[in-house]
Amino acid sequence: MDIRVTSDKDVVHARQQGRALAIELGFSASDATLIATAISELTRNIVTYAGSGVVSLRRVTGPTGLGLTIEAVDQGPGIADIDRALRDGYSSSGGLGLGLPGVRRLMDDFRIESGPGRGTSVTVTKWHR
Amino acid sequence: MAKDKQESREATQPVGDAAGLPRSDTTAALLRELVAHLRQNRNLLREEWVVRIVEARLLTAMTREEIFAEATSVYDSYVEALETGTFEALQAYARNLSERIIPRGVETHEVVGIVLLLRDVLARSLFAKYQADFEKLNRILDAYEPAANRIANTVAVGFVQERERVIRQQQEAIRELSTPVLQVRERLLILPIIGVIDPQRARQLTEQLLRGIRTNRAKVVVIDITGVAAMDATVANHLVQTVEASRLLGATVIVTGLSPEIAQTLVTIGVDLGKMNTVGDLQGGIEQAERLLGYKVGPLG
Amino acid sequence: MQVPILKQGPFLIATIQAALTDADLEQLRSALLERVVRFRSLGVIVDVTAMDVMDSYASRILLQISHMIRLRGTETVIVGIQPEVAFAMVQLGLTLEDVPTALDLEEGLAHLQQKFATGSGAPGP
């Protein structure tokens with residue numbers, strides 16, 4: 001499922017879709033909340049830093065069973081120093097700076113690809129326990 | 001091991017040519033003869049086997065009658081496996097047997113022991129029968145041994161698999177049991193944590209506590225970690241998160257029984273112990289909790 | 001979606017009834033500030049029982065509300081955070097540190113009443 005993200009309304013819509021999919025895949029209420037929260041953080045980053053982008057929600061299968069993958073892609077300015085962005089307490093918009101490290105803690109797998117002028121793509125997965 | 005494999009490979013081929021024997025005298029024929037012998041002497045051999053089991057002090061959790069009944073079934077399945085060369089029935093029986101005897105505390109070595117004893121009893125009876133014809137005895141044993149090894153293996157593996165399944169189930173149950181959220185007074189919960197905490201258990205514990213706070217409308221929680229010997233940084237982080245999440249629900253957490261080692265871990269990962277509400281022991285923690293709740297502090301009723 | 005704000009004696013109660021967009025949250029912040037000034041309220045309760053996600057932005061707005069209102073000597077209590085939401089919040093590192101919290105509206109009101117009845121204010125949980 002691909003959801004176009006351009007405003008704060010889409011943030012709410014995307015995380016509601018994510019929660020519904022998580023429940024459908026048999027995740028616990030607690031895991032569904034972690035997933036919805038991660039979607040909220042990732043899509044807000046899109047709105048705040050890139051203006052627009054797409055978030056894809058997918059059911060995946062791995063060695064341990066079912067999972068839900070969130071892929072948030074934008075064509076925004078990108079992140080120059082990824083290591084720094086993944087450290088707690090850093091944010092280029094002067095906020096709380098908890099976005100990416102927090103999302104990493106909410107989910108099981110975390111991958112980011114970004115660079116100045118290349119946009120940003122964050123792919124995270126939560127596995128069914 | 002390598003020897004076993006070699007033996008079984010040979011056993012599946014006619015052994016006749018090399019020894020210069022008639023082609024019809026194959027492994028299958030030998031096994032048929034063997035099976036006939038075991039059927040004929042069923043009562044005797046079965047009885048002898050049971051005597052040996054009792055002498056060896058195996059299956060002590062079972063009565064002699066029970067041992068006899070199980071021995072009969074195993075014996076028949078054993079002969080059947082020799083006859084048909086298929087092990088499914090034996091495997092199913094081994095699993096069924098394991099399911100019944102594991103709750104009674106029967107150990108892996110006992111199950112392996114009785115199967116090896118049966119192998120021995122049967123081998124001795126073959127010696128007795130064929131001792132006059134040494135060459136035939138050798139061929140019979142060559143045919144018998146690989147099959148007997150495979151049977152012993154099947155039964156032992158079946159038992160171990162079943163045992164592992166039971167252990168996994170029990171671990172799940174213990175996990176649930178070992179994180180009890182106790183309500184000692186209205187609005188006061190105690191969470192005594194005992195044993196080893198891994199990240200999975202830490203998470204389960206946190207979720208259980210948070211639900212407990214909500215359903216019991218708890219205002220104060222005492223988490224007692226006297227029974228926790230060690231804590232790595234990951235689990236220490238979970239403890240801190242549990243304290244913070246409880247507060248978000250409106251409950252104050254008091255941590256008791258913090259060992260100097262764990263306190264050290266918490267400081268190392270950057271926890272401000274001054275911000276964490278800690279009291280030396282559980283009794284002191286409960287007293288402080290009661291003060292927070294406005295109870296008059298006295299001995300626990 | 002606008003968040004209804006109810007005046008109950010010296011206190012204000014804002015009950016969030018559905019998922020809020022960032023704009024809704026910002027609107028709540030200015031509405032609460034305006035009313036605290038207008039009614040000289042002693043305390044504010046924000047009931048978040050219906051929120052199924054509390055992300056860093058929502059958490060930041062709640063902190064701002066609490067801090068701004070505190071400058072006028074008014075205390076904010078956040079009530080009704082759900083267990084799963086609390087669990088996700090602490091994973092994100094969001095602890096609403098130094099903002100009083102309570103289980104639900106009833107507890108929140110009890111907290112404020114106790115605080116203002118005793119004058120100096122008993123430390124809340």
Side-chain angles (χ1 to χ4, degrees), chain A residues 5-20 22-23 27-49 55 70 72 86-91 93-108 110 124 126 129, chain C residues 1-3 14-31 46-68 70 76 78-99 101 103:
Chain A
V5 180
T6 56
S7 76
D8 59 345
K9 285 192 181 65
D10 300 324
V11 172
V12 174
H13 173 68
R15 73 183 184 219
Q16 283 170 344
Q17 294 292 315
R19 174 187 295 275
I23 297 289
F27 281 95
S28 67
S30 185
D31 275 339
T33 301
L34 297 181
I35 290 166
T37 308
I39 295 172
S40 200
E41 294 293 315
L42 292 174
T43 49
R44 175 165 295 95
N45 281 348
I46 292 179
V47 175
T48 309
Y49 298 108
V55 63
I70 308 163
L86 287 176
R87 241 175 279 144
D88 268 326
Y90 165 78
S91 165
S93 76
L96 287 178
L98 293 160
L100 291 178
V103 169
R104 194 182 212 169
R105 279 193 297 269
L106 292 175
M107 304 294 283
D108 296 323
F110 182 98
V124 294
K126 186 95 195 157
R129 278 185 296 149
Chain C
M1 174 171 306
Q2 204 145 324
V3 177
T15 310
I16 295 173
Q17 286 167 326
L20 295 185
T21 64
D22 300 356
D24 295 335
L25 280 162
E26 284 155 20
Q27 198 272 334
L28 171 66
R29 182 180 57 198
S30 39
V46 181
D47 186 350
V48 300
T49 307
M51 286 182 83
D52 65 353
V53 167
M54 179 86 78
D55 62 9
S56 54
Y57 191 81
S59 168
R60 194 184 321 173
I61 296 281
L62 289 179
L63 276 174
Q64 285 172 355
I65 289 174
S66 160
H67 292 163
M68 288 170 169
R70 188 174 300 156
T76 307
I78 310 290
V79 306
I81 297 177
Q82 297 299 309
E84 303 87 57
V85 174
F87 187 73
M89 285 175 74
V90 297
Q91 304 289 314
L92 271 184
L94 310 171
T95 59
L96 295 179
E97 207 175 331
D98 77 18
V99 181
T101 50
L103 192 71

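We name chains A, B, ... by the order of the sequence lines, and we start the count at 1 in each one. No experiment lies behind these values; they were computed from the predicted model shown.
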Taking every non-hydrogen atom, the tightest pair across Gln16(A) and Ala19(C):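 Minimum heavy-atom contact is NE2-CB, 3.6 Å.
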Atom of Leu92(C), atom of Val103(A) and distance for their closest heavy-atom approach: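 Heavy-atom minimum between the residues: CD2-N, 3.8 Å.
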Under a 4.5 Å cut-off applied to non-hydrogen side-chain atoms, are [X] and [Y] in contact?
X: Gln91(C); Y: Thr37(A); answer: no
X: Arg19(A); Y: Val53(C); answer: yes
X: Asp31(A); Y: Glu84(C); answer: no

Measuring from [X]:[atom1] to [Y]:[atom2], what's the distance to the nearest 0.5 Å?
X: Asp55(C); Y: Leu42(A); atom1: CG; atom2: CG; value: 11.0 Å
X: Thr33(A); Y: Asp52(C); atom1: OG1; atom2: CG; value: 6.5 Å
X: Asp8(A); Y: Leu25(C); atom1: CG; atom2: CG; value: 9.0 Å
X: Tyr57(C); Y: Asn45(A); atom1: OH; atom2: CG; value: 13.0 Å

Among the listed options Ile39(A), Val12(A), Leu106(A), the residue most often paired with chain C at heavy-atom distances under 4.5 Å: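 Top option by heavy-atom pairs under 4.5 Å: Leu106(A).
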Which portion of Met54(C) sits near chain A, non-hydrogen atoms under 4.5 angstrom: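 Just the backbone, heavy atoms under 4.5 Å.
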Evaluation steps, side-chain contact (heavy atoms from CB on, under 4.5 Å), between Thr21(C) and Val11(A): CA-CA 8 Å; Thr21(C) 64; Val11(A) 172; over 6 Å; no
Partner residues of Ser28(A) under the side chain to side chain donor-acceptor pair (under 3.5 Å) criterion, sequence neighbours left out: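 Side chain to side chain donor-acceptor pair (under 3.5 Å) check on Ser28(A) returns nothing, list empty.
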